[in-house]
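Notes follow the structure.
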Amino acid sequence: MAEVTETTAASSSEGKKPAVPETKRLWGDEVDDEEVQPSATEEKAVSELNVDALAIDENTKVNKFLDEPEDSRIQAVTTGDTPYTSASTFEDLNLSPELLKGLYVEMKFQKPSKIQAISLPMIMTPPYKDLIAQAHNGSGKTTCFVLGMLSRVDPQLQRPQALCICPTRELSIQNMEVLRKMGKYTGISSECAVPIESRNNDRSRSRPPISAQVVIGTPGTIKRLMSQKKLGVTDMKVLVFDEADHMLAKVHIQHESLVYFFLFPIWFQVLLFSATFDETVKNFVSKVVKDYNQLFVKKEDLSLESLKQYKVILPDELAKIGVVKDRILELGENIGQIIIFVNTKRSASMLHTSLVDLGYEVTTIHGALNLEDRDKIVKEFKDGLTQVLISTDVLARGFDQQQVNLVINYDLPVKYENQSEPHYEVYLHRIGRAGRFGRKGAVFNFIMTDHDLMIMRKIESYFNSPVAEIPSWGSEEDYKAALKEAGLL
DNA sequence: AAAAAAC
């Protein structure tokens with residue numbers, strides 16, 4: 001059963017006024033104000049929760065969706081008196097026949113996943129309230145907002161009506177591919193607003209305004225298009241932030257181009273999606289959205305059951321490269337695809353060079369590569385032409401390649417501001433590249449120093465998810481046993 | 001520092 005619980009949010013509205021007035025929502029309000037930081041809980045009164053309506057009948061489960069974690073404990077909090085009924089089939093959503101056909105024929109979906117069943121009615125039911133939606137990695141969030149955007153577009157109106165902002169170029173392209181596939185029969189037009197080849201940037205000046213009905217892209221390009229009046233918002237109905245916690249992190253808001261979005265009033269629906277929302281971000285987003293519904297998952301419930309995590313304790317850098325070379329790269333084809341995450345571009349290049357020098361076929365992606373190379377490397381990996389990909393955190397979030405069974409944290413993710421703090425969110429997103437939609441997967445965390453060990457322990461306790469130790473870093477048998485235990489061999 | 005992107 002979907003566990004739907006009335007949370008503490010309901011009890012602690014102590015008559016505080018919302019920070020933003022009901023009628024006028026100017027995103028610029030109080031963005032910089034450190035002192036007034038009302039929590040999400042104080043911002044609104046949770047008046048009613050339709051527990052029964054939101055419950056999902058597990059008996060009607062059709063298993064296109066493999067083993068969606070049974071205990072994915074998504075909790076829902078709704079505001080106002082709009083009743084929402086969880087959608088057990090896509091027919092429940094009053095979608096156009098064209099859209100339904102896209103879901104069944106192109107996407108080969110049979111029924112909504114849990115997050116889809118709960119969130120889609122919230123997205124599609126008037127008065128189209130804002131939504132903060134947290135759900136596990138690989139549980140089908142993209143479908144939620146892509147379907148949300150497609151279903152709200154008026155096909156007769158050739159103007160931008162839905163906008164989706166993503167943290168990276170790669171994710172924008174991926175989401176666009178999903179949208180075009182799903183919307184294939186609808187005739188809805190779309191445009192990807194991401195940086196194009198570094199040279200001929202003149203094109204954007206002379207180009208006509210965007211008429212596409214759905215626009216997906218990265219902050220910088222979207223900002224530029226808007227300030228050049230190439231992207232109008234007059235007919236906008238939905239604004240989606242994919243990986244919303246990352247997009248709206250305070251650092252971003254203050255120092256980056258996203259600040260632009262806070263300068264004009266928002267009258268349309270805002271949807272925030274991510275697998276992670278840390279407390280700081282949660283408190284902050286309550287200023288961005290208002291009178292919103294929310295779906296969230298406790299951090300202890302966020303680890304994927306189907307994913308086995310291990311730590312490998314090894315003496316030095318040489319041993320790290322040795323393990324990748326002798327244990328990982330020798331596994332052969334039947335292990336599926338592998339992503340090796342590193343913390344810096346330099347680390348990526350170094351590992352890449354040492355492996356290529358030894359004659360191994362690995363590819364590497366990071367933000368310093370030119371755009372054509374980035375596209376090419378992602379495409380080759382998605383086409384299954386390459387098995388092993390070294391990556392910085394460019395691909396830590398959202399990257400969806402179902403054949404990835406093994407993720408390696410060659411470096412453990414730490415916070416930049418404080419190197420002795422793990423970056424919990426990045427860790428969760430990285431490992432979520434394996435085990436998409438309930439598939440089995442394994443994670444190897446390389447532990448080289450005492451500091452690494454401390455970071456690892458903190459991660460384990462934060463997610464309350466123990467990470468088994470590979471007994472001996474040099475033993476081939478130990479890795480095989482681990483992979484067997486994970487169900488991969 | 002990963003990333004975004006370039007007026």
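So that the names make sense, note that chain A is the first sequence line, chain B the second, and so on, each numbered from 1. Heavy-atom basis, side chains included; hydrogens, waters and symmetry copies ignored.
Rounded to an integer number of Å, the gap from CG of A:Leu395 to C1' of B:dA4 is 15 Å. Distance CG (A:Leu171) to C1' (B:dA3): 12 Å, rounded to an integer number of Å. Following rounding to the nearest Å, A:Asp245 (CG) and B:dA3 (P) show an atom-to-atom distance of 17 Å. Remark: P of B:dA6 and NZ of A:Lys230 are 14 Å apart, rounded to the nearest angstrom. We find that CZ of A:Arg224 is positioned 7 Å from P of B:dC7, with the value rounded to whole Å. Note: CG (A:Asn343) to P (B:dA3) measures 11 Å, nearest angstrom. Counting to the nearest Å, the C1' atom of B:dA4 and the CG atom of A:Leu248 are 15 Å from each other. At whole-Å resolution of the value, OH in A:Tyr410 and P in B:dA2 are 16 Å apart.
Residue contacts for A:Arg397: at a heavy-atom cut-off of 4.0 Å it reaches no nucleic acid atom on any strand shown.
Residues A:Arg457 and A:Glu460 are not paired through a salt bridge, judged by the lack of any N-O separation under 4.0 Å between the basic side chain and the carboxylate. Note on A:Asp400 versus A:Lys141: no salt bridge recorded, every NZ/NE/NH1/NH2 to OD/OE distance being 4.0 Å or above. Ion pairing between a basic and an acidic side chain is recognised when a charged N comes within 4.0 Å of a carboxylate O; A:Lys311 and A:Asp452 show no such pairing. For A:Glu177 and A:Lys181, the salt-bridge test fails: no basic side-chain N is under 4.0 Å from an acidic carboxylate O. Ion pairing of A:Asp383 with A:Lys379 is present here, as a side-chain N (NZ or NE/NH1/NH2) and a carboxylate O approach within less than 4.0 Å.
A heavy atom lying under 4.0 Å from DNA chain B marks none of the residues of residues 419-426 of chain A.
Side-chain N/O atoms of A:Thr392 include one lying less than 4.0 angstrom from OP1 or OP2 on B:dA3. For the pair A:Arg169 and B:dA3, the criterion of a side-chain N or O lying under 4.0 Å from OP1 or OP2 is not met. Distances shown here put every side-chain N or O of A:Lys415 at or beyond 4.0 Å from the OP1 or OP2 atom of B:dA1. Regarding contacts with the backbone of B:dA4, a side-chain N or O of A:Arg374 is found under 4.0 angstrom from either OP1 or OP2.
In this structure, OG on A:Ser139 lies 10.0 Å from CD on A:Gln134, to the nearest 0.5 angstrom.
Among the nucleotides B:dA4, B:dA1, B:dA3, the one closest to any side-chain atom of A:Lys345 is B:dA3. For A:Thr344, the listed nucleotide lying nearest its side chain is B:dA2; candidates were B:dC7, B:dA2, B:dA4. Listed nucleotides: B:dA3, B:dA1, B:dC7. Nearest to the side chain of A:Thr168: B:dA3.
A donor N or O paired with an acceptor N or O is found under 3.5 Å between the base of B:dA2 and the side-chain atoms of A:His246.
A:Arg327 is linked by a side-chain hydrogen bond (donor to acceptor under 3.5 Å, both in side chains) to nothing, counting only residues two or more places apart in sequence or in another chain.
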